[in-house]
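The structure under discussion appears below in the form of structure tokens.
As the structure is a computational prediction, the values presented were derived from the model and not from experiment.
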Amino acid sequence: MERDMRRFFWLISLLVFVPISISAEGNEKNFPQWHTRDLYYYDANSTMVQLNLVPKLFVRFNRDLTAQERVSFFSEFSPAAQKPGLDNSSTFLEFNDSTNSSELLEMANKMARSGLAVAFPVFLVENIEAILEGIAVEPKVVLSAERMLERMKKYGNFSLLRTASENGTWVFFTDEISPPLNLLVLTNLVHNDSWVRRAYPRFRFLHDPIIANLTVEPVSGTVGEVRAVALTIKIFDPAITLSENELPEFGKGLFLPIQGSTITSSSVQYPPGYLFELLGNSTKLQMKQEKRSRTYTISWKFKHHALGEWTIPPQPVSYVKNGVPQEIKSSDFTLVVNSQIGALNIADMPFPYSLTYPLKTPEVISETALPPIPSYWFDFWVSNKNANLVAQYAGWAGALLGALGVGTIGTFIAGRIRITYDKRASRRRLTEQIEKILEGALSRRSYADYAKALSCILTVLFPHLSSRPTWEEIKNDELIRETLTSEKFELLERVFGELSRRHSKDFTASAESLAELDKNIRKIREAT
């Protein structure tokens, strides 16, 4: 009997624990794995090319995560920064430069094992960041995509997103790949197939080899304000040479602020010559050598006297790559010209005040000759006979005027009390409005809402400012410098600098910058 009971419990243990261990092992094996030994591929001469990693991972989530779940997930890996991904379900994690390849790939494997996300390494190809998206296969004989795919399936299990044909080469855009394969392992196995001339990774580059951007500082300015336009060219590919003699010159052709569409030339409106002024010559073309790129910058100063929004259209940038002349277009840029009073409402405008001019007049000394004084009708009433009656009437009139005076003073005092109460109530409502704006800005990740909240705070602290004060207006205001401590003033400068970044074309709002901006604006709000 005892032996039968032992057999029964042993059988129950097998039924319960063995499937659990098998399932865990199976799940572990189903996750893609990356290893440093796999970071290579073969070029057209069948020479092994070693791949270099950037300290960055491309992470794609398997399901929608809340903001709190993402923070909890990423906190385990301590990234240096988070950047928006290729879509809403992905993101880029950047790490410190000291992070080596083994650590990066182990973090990618750990994310995959969690079941919440799949992580892919980011490679440096021709000095350009890129991720893997498929395999390009050049067969030795003419093969259909289905026949080639059937041949490739013998190396392991994987699925495809789509297939494309490019100049005799089949490109297979992969989806899921089962271990022990990953995309590089599969590529190198296919390369050694007897039916294949060459197989190599298909990369998706995350940016162009050369980028050109236009910027104007300040973006929004008043009529006649001195501003600067800059053309910045960033080159990643070492094979590219910039054609410096063919760079566009500001103020010539379409390289100046215009209104209308360049597609329809008849709609383009140029500012009249007397409303656009180029100041001096352009600054010398400056080159800065960075870790993975060369950055060229050239700038001009100008004044604009025409109100409205003006756009500087994209500018052509010529360059040579491997002896072949090529050209790209820069980004465009829109700037705003305001009146001298900016965006002030009538209620915000200061009240006019009178000017007094001292006049020097010569001193005149004269003797007045009085004529004989005639008698008038009131002489009877001021005579001694009627003096008491006049005094009585005068007393009544004085009492009446006194009552009117007391009433007038009381009305004035009541009005001032009412004004003070209204101001305090208005200030309280504005403070509540600021808090609502800040809460909405944090939830919507809106720089525009933060700018609105800052304008309201400054309006409460300094009513003499405009409703949308600019940094140029604030930094030259003596009252603000005397009122704020140096720490608060520097904090205010950092906030304006952060808010101005949203006008850049490649602007992205990271969680860290939003949190820092929210904290700094709330510190400034404490003064209210």
Side-chain angles (χ1 to χ4, degrees), residues 215-228 301 303-304 307 335-355 419-442 446-504 507 509 513-528:
T215 55
V216 174
E217 290 290 341
V219 178
S220 179
T222 57
V223 168
E225 183 176 352
V226 177
R227 306 163 87 167
K301 290 189 179 297
K303 289 183 179 181
H304 208 320
L307 296 176
L335 57 123
V336 180
V337 181
N338 295 317
S339 65
Q340 292 291 352
I341 61 173
L344 288 177
N345 296 321
I346 293 179
D348 299 325
M349 297 183 186
F351 291 102
Y353 58 92
S354 59
L355 297 177
I419 291 173
T420 302
Y421 174 79
D422 289 344
K423 285 185 177 179
R424 290 182 179 177
S426 176
R427 188 185 185 98
R428 183 173 62 256
R429 288 195 298 270
L430 190 56
T431 303
E432 293 173 355
Q433 180 185 357
I434 291 171
E435 181 62 29
K436 289 181 180 179
I437 294 173
L438 286 175
E439 291 176 358
L442 184 60
S446 171
Y447 268 54
D449 286 350
Y450 279 119
K452 182 179 179 181
L454 181 62
S455 298
C456 291
I457 293 170
L458 294 176
T459 302
V460 173
L461 294 175
F462 308 102
H464 68 283
L465 290 176
S466 62
S467 60
R468 295 180 182 176
T470 63
W471 176 242
E472 294 297 327
E473 179 182 357
I474 287 173
K475 72 178 183 180
N476 298 321
D477 195 304
E478 293 297 331
L479 177 60
I480 297 177
R481 287 184 173 273
E482 294 174 0
T483 304
L484 297 180
T485 63
S486 59
E487 180 182 357
K488 284 286 179 64
F489 194 81
E490 291 175 0
L491 188 64
L492 187 61
E493 183 177 3
R494 289 202 302 273
V495 168
F496 268 94
E498 178 63 21
L499 289 174
S500 67
R501 286 199 316 112
R502 73 184 190 276
H503 299 294
S504 302
F507 165 73
S513 61
L514 278 166
E516 182 69 15
L517 180 61
D518 186 83
K519 181 182 70 175
N520 291 341
I521 291 182
R522 291 181 183 274
K523 285 185 179 179
I524 296 172
R525 193 200 60 175
E526 293 173 0
T528 62

Leu454 vs Phe496 side-chain heavy atoms within contact, under 4.5 Å:
yes
Between Leu307 and Ser339, what is the shortest heavy-atom contact and its length?
CD2-N, 3.4 Å
Please step through side chain to side chain contact (heavy atoms under 4.5 Å, CB included) for the pair Thr470 and Thr222, ending with a clear verdict.
CA-CA 10 Å; Thr470 63; Thr222 57; over 6 Å; no
Side chains of Trp471 and Leu492: closer than 4.5 Å at any heavy-atom pair?
yes
Write down the atom of Phe489, the atom of Ile480, and the distance for their closest heavy-atom approach.
CE1-CG2, 4.1 Å
Note: Glu498 and Ser513 closest approach over all heavy atoms is OE2-CB, 3.6 Å
Roughly how far apart are Leu461 CG and Cys456 SG, rounded to 0.5 Å?
11.5 Å
With a 4.5 Å heavy-atom cut-off, do His304 and Glu225 have their side chains touching?
no
So, taking the atom named OG1 in Thr215 and the one named CG in Leu335, what distance separates them when rounded to the nearest 0.5 Å?
11.0 Å
Are the side chains of Arg481 and Ser486 in contact, using a 4.5 Å heavy-atom criterion?
no
Identify the heavy atoms of Leu458 and Pro469 that sit nearest to each other, and give their distance.
CD1-CG, 3.8 Å
Within a strict 4.5 Å, meaning less than it, do heavy atoms of the Val495 and Lys523 side chains meet?
no
Could you check whether any side-chain heavy atom of Leu491 comes within less than 4.5 Å of a side-chain heavy atom of Ile524, counting everything from C-beta outward?
yes
How long is the straight-line distance from CD of Glu217 back to NZ of Lys301, given to the nearest 0.5 Å?
10.5 Å
Minimal heavy-atom distance between Asp477 and Leu479, with the atoms involved, is OD1-N, 3.0 Å
Stepwise side chain to side chain contact (heavy atoms under 4.5 Å, CB included) test for Asn520 and Tyr450
CA-CA 11 Å; Asn520 291 341; Tyr450 279 119; over 6 Å; no
Within the 4.5 Å heavy-atom criterion, are Arg522 and Asp518 side-chain neighbours or not?
yes
Looking at Arg227 and Lys303, would you say the former's side chain and the latter's main chain have a donor-acceptor pair under 3.5 Å?
no
